[in-house]
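Okay, structure first, notes after.
We name chains A, B, ... by the order of the sequence lines, and we start the count at 1 in each one.
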Amino acid sequence: MKVKTVGPANAKMFFVGEAPGKDEDLTGLPFVGYAGKTLNWLLGQAGISRAESLIGNVARERPANNKISTFFEDKQCTIPTPQLIAWMMELKAELEENQPNVIVALGSTALWALTGEKGLGKLRGYVLPCRLVPGMKVLPTYHPQAINYEWKNFFPCILDLKKAKYHSKFRELKYSTPQVVDNAPISGFIDYLKNIYEHKNDGKPISVDIETIQPGSHISTMGIAISPMFAMSTCLLKGKYPCLNENEEVEFNYWLSKVLTELPLILQNAAYDISVLNLNNHIWCKNVVMDTLIAAHVCWPELPRDLGFLGSICLDVEPWKHLSGTNNSLYNGLDCCNTYGIAEFMYKEVERLSLQENFKHEMSQIPVASMLQLQGLEVHNETQEQMIKDYKKIVADTKKLLTEIIGKDVNFASPKQLQKLLYVDLGFPVQHKRRKSKDDPLKLTTDAGALKKLASILPDNPIFKLILKHKKALKMNSFLDMKLSPDNRVHTSYNITGSSEDALGRKSFGRWSSSGSIILPFGSGNLQNIPPDARKIYRAKPGWKIIQADYIQAEAVVVGYLSGDQRLIKLFEDSFGLRSAERKAKYDIHVITAQNMFSVKEVTKEQRQIGKTIRHAANYSAGPQVLSLQLNCTTSRAKQLMDLYYQINPQLKLWHQSIQEELRKDKTLVTPMGRRHRFLERWGDELFRSSYAFKPQSTVGDLLNSSLVYLYNEYGETIDILLQLHDAIYVTCQEEMVGNTIGILRDSMLRPVLVNHRVMVIDIDFKVGDSWGEQDEVDWQDYSNSFTRQEVIDMKGVYNAEHGRSSSEH
DNA sequence: GATTTTACGTA
DNA sequence: CGTACGTAAAATCT
């Protein structure tokens, strides 16, 4: 049935979808099925009345197989069939008749039909001129059905709809259009710098953006905006060749340094730009007041935070990202202006959400993250070469043996080839991947777990263990055999805001991530996943030591306080400040767990291991099946053990329940350090498990980063910081300075925090050695003054996120 | 040939 | 059980 457009004549908003579906086809009305329900919900969230809006589609009849491409001549969906052209004319007539103030394009087909544009992902949220009816404006966003499929898009969509609601109040398409002087001659840019410096930009910050070429991140284009409305951009490199002569370069750097050193700066991803400016221009940007990436992370941890996205949310400007290929300097200048505009928006947003403390906390991490990236980590050549040789031999030997046994050449790094070999050619029992839900389809796997299982089923066949050994050695080699910098270093980029995105949106629990540095592209990239054995290639200089300071049982301590487990809290408080031998003898948490579970005084090694595994599993709400794999026992035995554990630790289940209760309102949790996270998963076990992990992990991460910043700010001149590893800090120092350094680390890392109405102080352990991989535990008491827990609390004060928040709300 | 997705391994 | 990232191979797109 043909579907008509519905809604009151002359409505301010006109929603245009793609094509009718099954329910629309049956009723002749648009958006009445599943997608219609989603639309209603989205409109409700955005405060828009469906009854007051016009709603229709581009195509007026249901396409065969629900495929919109049937209405196009070409695969790319750019040449409409005569039928579709006729429908578009109908839409045009409806728009002209009703004269809405804003047309909301739902999905890429509507976007194309109304504006002629492709690429919804880049254009959503931006107000565009309508091509179908010139003079009208279009705001594209996701199709409701796309939100059903891609849950992460729901929040951006609501923001788009709110923006559309604002635009429905007036008819004109009025951009705030910045003035950009692009490709400025260098003399003009230097005058601009002088001028900014002289007037200090009237006390306001400037925003800076650089474009770089790889490798080496040399600056090709640089721009500075003095407000959201004016920027100048200049070209410094054309290809490989500098645009400046030597004299110009000296003068340019002189004034640039003055401006960047003395004025307050706005940047998007400051850690990158200031590192490049430091490395290549020897300029140290001291006063970064706003990193829009960090502000966006603090305010909206679930959302994308690239400039194009932030522009669509915060600004009313023309899309500009498409200029990057055609006019780099104009693009760069617009980046500057729009970063400035986004910054002004984000200042208010940080304040509106009372997240000033969190913002300051993350901003303070920029200098140390930049320093660590530029400094890198030195590799001991001889050790590296020897280890590469050893592991390469294992790879070759296992491969040779396997080829002899199997009788043909197989690439064991290819899951597909391995599947064929094991399950087809050799006919071994197939192993399936663990499923998230029973409804998910079974999938084959040849992972380590499957190979171990096969090895236990068929103990006489040596190939499983050989394959495992082969793959392990291959993997190890990737951590050893890598390109080093000219001075034998590896570099990593520490990312304060994390960076990964999954089907549900961004996750960010406040821990740093580590990835390959594009400024200094040496090493295996991530330094937070180096296996212990490969750590041996990072050695201290002769006469120096590497010290590791890590929080003891950090996450378990936080869980103890959060769940109000009095016995556990007492254990942690009683054992605070003890030498490790005494702590392990009397206050071993896993031994005590086992003692209680099995009602025994003397605990065997196995019983301690069970206690350890089960605590970890229970803290994160693992099921008996996973536990049975870890403990190598039957599922029923694992179930029995879990029940026993929960019987002895009833607080844990209560705590999990309280987390669920806390989620009920708006799926938002707040950590003891004041960090917020909104969970986007649908209500259910997956959401719960993810949220149980949030508070402990995030608290430990924030605690460690506070310590790291303190250490760098207070002792950066004297302490050589090497690495950040989530709950540990590594430094290097001369042998005779070990004691002193341990004292400083203890001073920096002991940080009392109010958790669940009690003061939590996580204790610290030290290890010292000649390399990152070979370290021995030491007692700090041998080197440093001893303070009781109470003395530490009195000296340091207690961090109270709740207090900070409530006092800033008024 | 380029880009995206999947599988895997480590903290 | 969770979070994180990187790498290689496969799969898909152009």
### Query
With respect to the phosphate group of C/dG2, does any side-chain polar atom (N or O) of A/Lys695 fall under 4.0 Å of OP1 or OP2?
no
### Query
Quick one: is B/dC8 close enough that its OP1 or OP2 comes under 4.0 Å of any side-chain N or O from A/Thr446?
yes
#### Entry: Protein-nucleotide distance (A/Gln417, atom CD; C/dA11, atom P), rounded to Å
11 Å
### Pair A/His656 and A/Tyr692, ring centroids less than 6.0 Å apart
yes
#### Entry: Spacing of A/Lys471 atom NZ relative to B/dC8 atom P, expressed in whole Å
6 Å
### Task
Consider the side chain of A/Pro532, meaning its heavy atoms from C-beta on, and name the nucleotide among C/dT3, B/dT10, C/dA9 that approaches it most closely.
B/dT10
### Task
Counting heavy atoms from C-beta on, name the nucleotide in B/dG9, C/dT3, C/dC5 closest to the side chain of A/Ser513.
C/dC5
### Rounded interatomic separation in angstrom, taking NE2 from A/His677 and C1' from C/dA4
13 Å
### Message
From C-beta outward on A/Gln697, which listed nucleotide comes closest to its side chain: B/dA11, C/dG2, C/dC5?
### Response
C/dG2
### Message
If I take atom CZ in residue A/Phe694 and atom C1' in nucleotide C/dT3, what distance separates them, rounded to the nearest angstrom?
### Response
11 Å
### N or O in side chain of A/Ser514 less than 4.0 angstrom from C/dC5 OP1/OP2
no
### Message
Would you say NZ of A/Lys465 has more than 12 non-hydrogen atoms from neighbouring residues, nucleotides or ligands within 6.0 angstrom?
### Response
no
### Task
Please report, rounded to the nearest Å, how far the C1' atom of B/dC8 is from the NZ atom of A/Lys472.
11 Å
### Message
Over all strands shown, is A/Ile530 touching base, sugar-phosphate only, or nothing at heavy-atom distances under 4.0 angstrom?
### Response
sugar-phosphate
### Message
Base, sugar-phosphate or nothing for A/Gly516? Non-hydrogen atoms, less than 4.0 Å.
### Response
sugar-phosphate
### Summary
Between NZ of A/Lys420 and C1' of C/dA9 the distance, given in whole Å, is 17 Å
### Query
Between A/Phe412 and A/Lys471, is there a cation-pi geometry (under 6.0 Å to ring centre, at most 45° from the normal)?
no
#### Entry: Non-hydrogen atoms of A/Ile463 and A/Phe428 that approach each other most closely
CD1-CE1, 4.0 Å
### Message
Could you check, using the six-membered ring where one of them is a Trp, whether A/Phe72 and A/Trp112 have ring centers closer than 6.0 angstrom?
### Response
yes
### Summary
Winner on side-chain proximity to A/Ala693, out of C/dG2, B/dG9, B/dA11, is C/dG2
### Summary
Rounded to whole Å, CG of A/Asn526 lies from C1' of B/dT10 at a distance of 8 Å
### Message
How many whole angstroms separate atom CD of A/Gln419 from atom P of C/dA10?
### Response
11 Å
### Query
If we only count heavy atoms from C-beta on, is the A/Phe688 to A/Leu663 side-chain gap below 4.5 Å?
yes
### Query
Stems in DNA chain C: runs of 3 or more consecutive Watson-Crick or G-U pairs, distances under 3.5 Å?
B:1-11 with C:3-13
### Query
Is the Lys NZ or Arg CZ of A/Arg751 less than 6.0 Å from the centre of A/Tyr551's six-membered ring, within 45° of the axis?
no
### Message
Counting C-beta onward and ignoring hydrogens, is there a side-chain heavy-atom pair between A/Leu745 and A/Leu711 closer than 4.5 Å?
### Response
yes
### Message
Considering every strand and a 4.0 Å limit on heavy-atom distances, what is the contact class for A/Arg615: base, sugar-phosphate, or nothing?
### Response
nothing
### Task
Name the nucleic acid region contacted by A/Thr445, choosing base, sugar-phosphate or nothing; use a 4.0 angstrom heavy-atom cut-off, strictly under.
sugar-phosphate
### Message
For A/Trp512 and A/Ser524, find the nucleotide of DNA chain C closest to each by heavy atoms; which residue's nucleotide sits nearer the 5' end?
### Response
A/Trp512
